[in-house]
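For reference, the structure is listed below as structure tokens.
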Protein chains: 2
Amino acid sequence: MPDAADRNAAFAGARVVITGGLGFIGSNLALRLVELGADLLLVDSLLPDSGGNPFNVAPVRDRVAIEIADIRDARAMRSLLAGCRYLFNLAAQTSHMGSMADPETDLEINCRAQLTLLEACREVCPEARIVYAGTRQIYGRPLYLPVDEKHPLRPVDANGVNKMAGEAYHILFHDAYGIHAAALRLTNTYGPRMRIKDARQTFIGAWLRAALEGRRFEVWDGTQFRDVTYVDDAVDAFLLAALSPAAKGAVFNIGGDRLRLGALADALVAANGGGGFETRAFPAERKRIDIGNYYADDTRFREATGWRPKVAAADGLRRTLDYFRVHLAEYL
Amino acid sequence: MPDAADRNAAFAGARVVITGGLGFIGSNLALRLVELGADLLLVDSLLPDSGGNPFNVAPVRDRVAIEIADIRDARAMRSLLAGCRYLFNLAAQTSHMGSMADPETDLEINCRAQLTLLEACREVCPEARIVYAGTRQIYGRPLYLPVDEKHPLRPVDANGVNKMAGEAYHILFHDAYGIHAAALRLTNTYGPRMRIKDARQTFIGAWLRAALEGRRFEVWDGTQFRDVTYVDDAVDAFLLAALSPAAKGAVFNIGGDRLRLGALADALVAANGGGGFETRAFPAERKRIDIGNYYADDTRFREATGWRPKVAAADGLRRTLDYFRVHLAEYL
């Protein structure tokens, strides 16, 4: 692997488009790419239930172009993608419960719009390197642990079905048309700029908000294992996936710090220097779409790109709380 | 397992809906269900490029209800599905090349309409038993043989992506809502009433037509292994999947007679009592979406239902040719 500085020089002056660019991971990626000198266009629909928040990119607002547009608008996308060299495709409907209440909207965003976006790329930027933000949700309840990329797919909600299809389109456009696409199956990602208003992005958002507001939060069950990925590690993964030849046409699990949810809750209380939580049984309507233990085997990505997660939960949660203590009002 | 007569008594007087009911497998299923005394509604859009052909059900036209309707019309589907006890869901866009030329139409039929159909079932016939016609196409190029249901999915065309999503919705509606759905991953199915005008359903259609018209047909490569399933065996599989408690919520491979394509071509010439074929290299635009050898491990379905394919290729091809010799004009 080239070292990080050489590698990241590829982005200097390059046209980079981020869909979902005002969202949680998209904005953190944007901040990094501004540092690397990219010519950056952030596309975001700012749908009320999404993670998009213009404040997320306040530190770089003068150094990026921002377009409020919806990936479902194929004509707009064709025009915005012209000349794109790297596309980080993060725009999504992310709510699991929301996808069951309104599966057709989820389908439009997570399935159909992915297809039309890829068709636009074929047309206006066929050489662009595309990294798609997939999700471990598509595996459903693990049949074995850790879960590798060969694990059967059995999504437990409409979001999972549509994200599975959206990812498959990316790989298909690689296989059939030579498009330089890769997909990352992310797990629970957390950090500064995440949506903490509610649990739409991940339960960690709701926990963080409660801790910041001095309320006790609820932990369901607490014995389940999860990987949690600090957003800076996720940003590293996206950059590496865009640059590594071995990532072309491939699907990768992304792991992080593996711990039980009870231990994660303890770490959050410790990082917060106070507060607490209640452990309770899973609510019935969540239990139905819950997946039990999950942690990833991400050997394939580590071997293809040299990626390693660097930030443990205790540290990541402390940094996250530091950010939100200063900016809390912008996120409620 | 109950014996076949007892088992099939379940269909007597029962409201059964077949989407794609004028198509190849749908019409063969319809003929069998009429024998079993079902109260049958055949829904078909008769799209020009599909396998729908009213002549397919000529022998039972007075004993079935036929509705020319498109599964994309959610309102029509809600009304047609009221009171349904068994739904055989076979309507699909089936052309692989067509799905690459117009992936959005394929998505509408094979993905979105499946979701809206299932939502209609939840609303108007939540107790219906549903069997979905899936496809082995979603596996893509086999990583190992025989392919079992745990094999990773990597569709090689848009049809595969959308059929994968359509199948996953069925399983999701089982897991999340208790809908009695099962999916069969069919391989190359052949027999009377198939589309032989061209190769849209499977290459066997084009071979049959050529043989019937006294022309030599083209075999690409010829060394590849395939399972071929005679349609009566596929019909048995659908009926068993609807009736077997063990099929609820499950996905099954369906195999058949395993042979090399060259041997299948020889069997066709022998069954035809004459004619011949040319073996040539794969055309470039097909090679890209070809999957190499494929044959299924269908142990899971055999164990769950007692199903066995009964008709070998030599016999099935003879029966198929017998049918088309009499009715050829109706299929060109």
Side-chain angles (χ1 to χ4, degrees), chain A residues 74 96-97 99-108 110-116 118-119 122 138-141 143-144 148-178 183 249-251 285 287-291, chain B residues 74 96-97 99-108 110-116 118-119 122 138-141 143-144 148-178 183 249-251 285 287-291:
Chain A
H96 304 299
M97 297 299 282
S99 82
M100 296 304 275
D102 181 5
E104 291 201 52
T105 298
D106 194 277
L107 186 155
E108 283 298 312
N110 290 330
C111 174
R112 174 200 273 278
Q114 303 306 317
L115 171 61
T116 55
L118 287 160
E119 293 195 292
R122 257 185 93 198
I138 68 180
Y139 294 118
R141 290 178 186 86
L143 302 175
Y144 56 82
D148 59 22
E149 292 86 353
K150 290 181 181 154
H151 186 286
L153 308 180
R154 187 166 177 135
V156 298
D157 54 29
N159 183 257
V161 176
N162 296 324
K163 289 291 289 183
M164 175 176 80
E167 177 193 285
Y169 284 126
H170 284 76
I171 301 310
L172 171 65
F173 272 59
H174 167 267
D175 294 351
Y177 303 122
V251 166
E285 84 280 6
K287 188 71 200 169
R288 204 169 54 182
I289 62 170
D290 180 62
I291 58 153
Chain B
H96 304 299
M97 298 299 282
S99 81
M100 297 303 276
D102 181 5
E104 291 199 54
T105 298
D106 194 277
L107 186 155
E108 283 298 313
N110 290 330
C111 175
R112 175 201 272 278
Q114 302 306 318
L115 171 61
T116 54
L118 287 160
E119 293 195 292
R122 257 184 91 199
I138 66 180
Y139 294 118
R141 290 178 186 84
L143 303 174
Y144 56 83
D148 59 22
E149 293 86 353
K150 289 181 182 156
H151 187 286
L153 307 180
R154 188 168 176 133
V156 297
D157 54 28
N159 183 256
V161 176
N162 296 324
K163 289 292 289 185
M164 174 176 81
E167 177 193 285
Y169 284 126
H170 284 76
I171 301 310
L172 171 65
F173 272 60
H174 166 267
D175 294 352
Y177 303 122
V251 166
E285 84 280 7
K287 188 71 201 168
R288 203 169 56 182
I289 62 171
D290 180 61
I291 59 155

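A, B, ... follow the sequence lines: proteins, then strands. Residue 1 opens every chain.
- Checked against salt bridge (charged side-chain N to carboxylate O under 4.0 Å, His left out), A:Glu149 has the following partners two or more places apart in sequence or in another chain: A:Arg300.
- Using a 4.5 Å cut-off between heavy atoms, A:Glu104 touches chain B through backbone and side chain atoms alike.
- Note that the CG atom of A:Asn162 and the CG atom of B:Leu115 stand 7.5 Å from one another [nearest 0.5 Å].
- For chain B, the option among A:Ile171, A:Leu143, A:Leu153 with the highest count of heavy-atom pairs below 4.5 Å is A:Ile171.
- Scanning all heavy atoms of the two residues, the minimum distance from A:Leu107 to B:Cys111 falls at CD1-SG, 3.9 Å.
- Between B:Ala165 and A:Val161, the shortest heavy-atom contact is O-CG1, 3.6 Å.
- When the candidates B:Gly140, B:Gly160, B:Ala168, B:Pro155 are compared by the number of heavy-atom contacts under 4.5 Å with chain A, B:Ala168 comes out ahead.
- Rounding to the nearest 0.5 Å gives a distance of 4.0 Å between CD of B:Glu108 and CZ of A:Arg112.
- Only the side chain of B:Glu119 comes within less than 4.5 Å of a heavy atom of chain A; its backbone N, CA, C and O stay farther away.
- Residues A:Gly249 and B:Arg154 share a closest heavy-atom pair of O-NH2, 2.8 Å.
- Residues passing the ring-ring contact (aromatic ring centres under 6.0 Å, His included) test with A:His151 are A:Tyr139, A:Tyr144, sequence neighbours excluded.
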